[in-house]
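Okay, so here's the structure we're looking at.
Convention: sequence-line order gives letters A, B, ...; per-chain numbering from 1.
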2 protein chains.
Amino acid sequence: MTSDPPGAGKGRTAEPLPTQGPAAAKVLRPARTTATRQKLFDASMELIGERGAANVTVDEIATAAGVSKGTVYYNFGSKSELVAQLLRHGVDILKERLLTPGAGPAKDPLLAMEDMIGQAMDFMAQYPSFARLWVSENWRTPSEWQGTFTVLRSELLAVIAHAVENVAKAYPVDPTVSRGSLETAIFGACFVVGLDRQTYNPERTRDQSVAAIMAIMRGYVLRPHAAQE
Amino acid sequence: MTSDPPGAGKGRTAEPLPTQGPAAAKVLRPARTTATRQKLFDASMELIGERGAANVTVDEIATAAGVSKGTVYYNFGSKSELVAQLLRHGVDILKERLLTPGAGPAKDPLLAMEDMIGQAMDFMAQYPSFARLWVSENWRTPSEWQGTFTVLRSELLAVIAHAVENVAKAYPVDPTVSRGSLETAIFGACFVVGLDRQTYNPERTRDQSVAAIMAIMRGYVLRPHAAQE
DNA sequence: CTATTTGAACTGACCGGTCAGTTTAATTAG
DNA sequence: CTAATTAAACTGACCGGTCAGTTCAAATAG
């Protein structure tokens, strides 16, 4: 019997799954398990990002991670749950990056914004598979991960919103532009520009991409100084 | 015997597809076939857009179109080819919309740009499934539709590039911003903002979305007049 | 005008293969 | 000892693609 699956969500068998809190003991889990989960994250990020969740089999993921299929089910309970936790994992990394201050502590909000978008570009370059997974599975109407996306999306937008807020406090901005729509546009542009660079235009530099996206902010601010210092 | 499939790509045979210009003999095709293809386009756009190509069966598409599975293969040869032609079909519609002049013939390039983005928003609202299909399947690395996407993407970008070009001729623009990256950012923002409105923020208006995307252009232009005429 | 023919369009049962998920007994690591 | 992992077999459903047969509208014949 597969003793007591840690994070398993089980299938149809309505067994009680006694004292197993959802995401309780992540840190105190044995080192071996943590390593296994990391290998599975890496492998599935790569495979699912490239081909889409539906086009990758659990067997493939297990093999790529150098692990048996049973281990996948022992650790995650289902393919669907693996993907959900994969999304959460990626967003945690991205959020941490976005919140990393560029260099100095107190900085001009526009420069901070530029740093943040640069961080986003770096993330897209480092984890292109995550970006692909995100845009591929987001926006699906009755998606298995509908709830997951809603939560994660708002977490990321909150980070952007905070940066935009700081700009709006330091500069006169166009009041006719809806803040939410603007944030969405920035959010989307980061993903798409990052992915496009990866897929169709590898010759474009990181800074070119940042500058293009920053045009949104320069257009939002009524008159920074001269746009060309 | 299944006589001669019209548009069927057949499986492996590298068929020349003789005198088939993009939209050449569409009218002289028997009315029944044209109607059937339209029904199949409608049904698959809806289903594939919502759930992704891999999560929709040919049987489902056929049933939704009120047609038998065999008819799908008679008309398209394969599921893959159906999707490819579906993409082409959608892009043709979008391109036509984008090229539709707003109202007056000779217009201010920035206003023309605003019209164009408005057209894009309307398209996303009318065919959200196409937008979902596009962002879901684009950027996949060894995609079956890699070639299709490359062609279609450049066609759409050319339309945007032309509009941006007109702005650059009429206004002083920031020379440090890469034109290509800028176009990509606009392109991506249109899709993402349109989709986000559909999925997460239905309360946002079309004009809010257009304004947010237009911020990119206002940030690209060095100094239009006062940003708030 | 009616009967017959023709072939493109369409049908739907069927087949071979695939895949998610389950189970179990044995093995390994902490 | 116990939790984690393995390997392998198994199931039950599902799916893309095929194909022999049917329908139907238009052309042709009488």
Side-chain angles (χ1 to χ4, degrees), chain A residues 1-15 17-20 24-26 28-40 43-44 47-48 51-84 144, chain B residues 1-13 25 28-40 43-44 47-48 51-84 144:
Chain A
M1 181 176 295
T2 42
S3 38
D4 224 1
K10 105 231 70 205
R12 53 230 65 241
T13 46
E15 94 281 353
L17 226 285
T19 42
Q20 209 56 30
K26 192 170 287 182
L28 31 133
R29 206 195 303 278
R32 188 158 50 126
T33 302
T34 304
T36 297
R37 291 172 64 92
Q38 186 59 50
K39 283 192 294 182
L40 282 170
S44 28
L47 290 170
I48 293 179
R51 315 212 307 257
N55 295 317
V56 176
T57 69
V58 174
D59 282 303
E60 278 177 308
I61 293 171
T63 301
V67 141
S68 84
K69 184 180 181 176
T71 299
V72 176
Y73 282 90
Y74 180 81
N75 279 283
F76 295 98
S78 72
K79 184 185 183 182
S80 189
E81 180 62 20
L82 165 62
V83 174
E144 312 175 58
Chain B
M1 179 174 299
T2 43
S3 35
D4 219 1
K10 186 131 308 229
R12 43 246 75 220
T13 44
L28 28 134
R29 204 195 303 279
R32 187 156 50 127
T33 303
T34 304
T36 298
R37 291 172 66 91
Q38 188 58 50
K39 283 191 295 183
L40 282 169
S44 26
L47 290 170
I48 293 179
R51 315 214 306 257
N55 294 318
V56 176
T57 71
V58 177
D59 278 305
E60 279 177 306
I61 294 171
T63 301
V67 142
S68 86
K69 185 178 185 178
T71 299
V72 177
Y73 283 90
Y74 180 81
N75 278 284
F76 295 98
S78 72
K79 183 185 184 183
S80 188
E81 181 61 20
L82 165 62
V83 174
E144 314 175 55

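Of all nucleotides listed (D:dG17, C:dC10, D:dT5), D:dT5 comes nearest to the side chain of A:Tyr74. The listed nucleotides are C:dA20, D:dA7, C:dC10; the one nearest the side chain of A:Ser68 is D:dA7. The side chain of A:Thr71 has D:dT6 as its nearest neighbour among D:dG17, D:dT6, C:dG21. With D:dG17, C:dG21, D:dT5 as the candidates, the nucleotide lying closest to the side chain of A:Thr36 is D:dT5. Considering only side-chain atoms of B:Lys79, the nucleotide from D:dG17, C:dT22, C:dC10 that sits closest is D:dG17. Side-chain proximity of B:Val67 to D:dT18, C:dT22, C:dT11: nearest is C:dT11.
For the pair B:Ile61 CD1 and D:dC15 P, the interatomic distance rounds to 11 Å; values are reported in whole Å. B:Tyr73 places its OH atom 13 Å from the C1' atom of C:dC15, with the value rounded to the nearest Å. For the pair A:Asp59 CG and D:dC10 C1', the interatomic distance rounds to 13 Å; values are reported in whole Å. Between A:Glu144 atom CD and C:dA20 atom P there is a gap of 11 Å when expressed in whole angstrom units. Taking atom CG of residue A:Leu82 and atom C1' of nucleotide C:dC19, one finds them 16 Å apart after rounding to whole Å. Look at CZ on B:Phe76: it is 16 Å from P on D:dG16, rounded to the nearest Å. Rounded to whole Å, the distance from CZ on A:Arg51 to P on C:dT18 is 14 Å. Look at CD1 on A:Ile48: it is 10 Å from P on C:dA20, rounded to the nearest Å.
A:Val72 comes within contact range of no nucleotide atom at all, as no heavy-atom separation falls under 4.0 Å.
Between B:Glu60 and B:Arg51, at least one side-chain nitrogen of the basic residue sits less than 4.0 Å from a carboxylate oxygen of the acidic one, meeting the salt-bridge criterion.
Distance check, rounded to the nearest 0.5 Å: CG of A:Leu82 to CZ of A:Arg37 gives 9.0 Å. With rounding to the nearest 0.5 Å, the separation of OG1 in A:Thr63 from NZ in A:Lys69 is 10.0 Å.
Side-chain contact between A:Tyr74 and A:Thr36 is absent, with no heavy atoms from C-beta onward closer than 4.5 Å. Residues A:Leu40 and A:Phe76 form a side-chain contact, since some pair of their non-hydrogen atoms from C-beta on lies under 4.5 Å apart.
Look at B:Asn55 and you won't find any side-chain N or O under 4.0 angstrom from OP1 or OP2 of D:dC15.
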